[in-house]
Undergrad: 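Starting off with a structure, shown below.
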Amino acid sequence: MGGIFVSFLIGLIIACVVVLPKLSALKTVHKQSGASDYTVKDSLRFTENRDVFLNKKVERTPRNTQQSTAQRK
């Protein structure tokens, strides 16, 4: 049982030695509410006003209005 604990502790120490230098190299980023810093004015122009959904099958069945009105009464 003690051998497993020692192996775990050695693995944890090796992982910390490998990860901590990489972690300290990361730069901090401040959260922004929009993407205004990344957009270029007049670089995107929409020419159509519709949505196209791919790979989605929609089955439509007509509603029976007589049955639904009879259930309400």
Undergrad: Under the 4.5 Å side-chain heavy-atom rule for ILVMFWY, direct or indirect, which residues accompany Phe46?
TA: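 Joined to Phe46, directly or through intermediates: Leu44.
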Undergrad: For the atom pair CD1 (Ile4) and CG (Leu9), what is the distance rounded to the nearest 0.5 Å?
TA: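 Rounded to the nearest 0.5 Å, the CD1-CG separation comes out at 13.5 Å.
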Undergrad: Using residues 15-24 as the side-chain source, report each donor-acceptor pair under 3.5 Å to any protein atom, sequence neighbours left out, with the distance given to one decimal.
TA:
| unit_1 | atom_1 | unit_2 | atom_2 | d |
| --- | --- | --- | --- | --- |
| Ser24 | OG | Leu20 | O | 3.4 |
| Ser24 | OG | Pro21 | O | 2.9 |

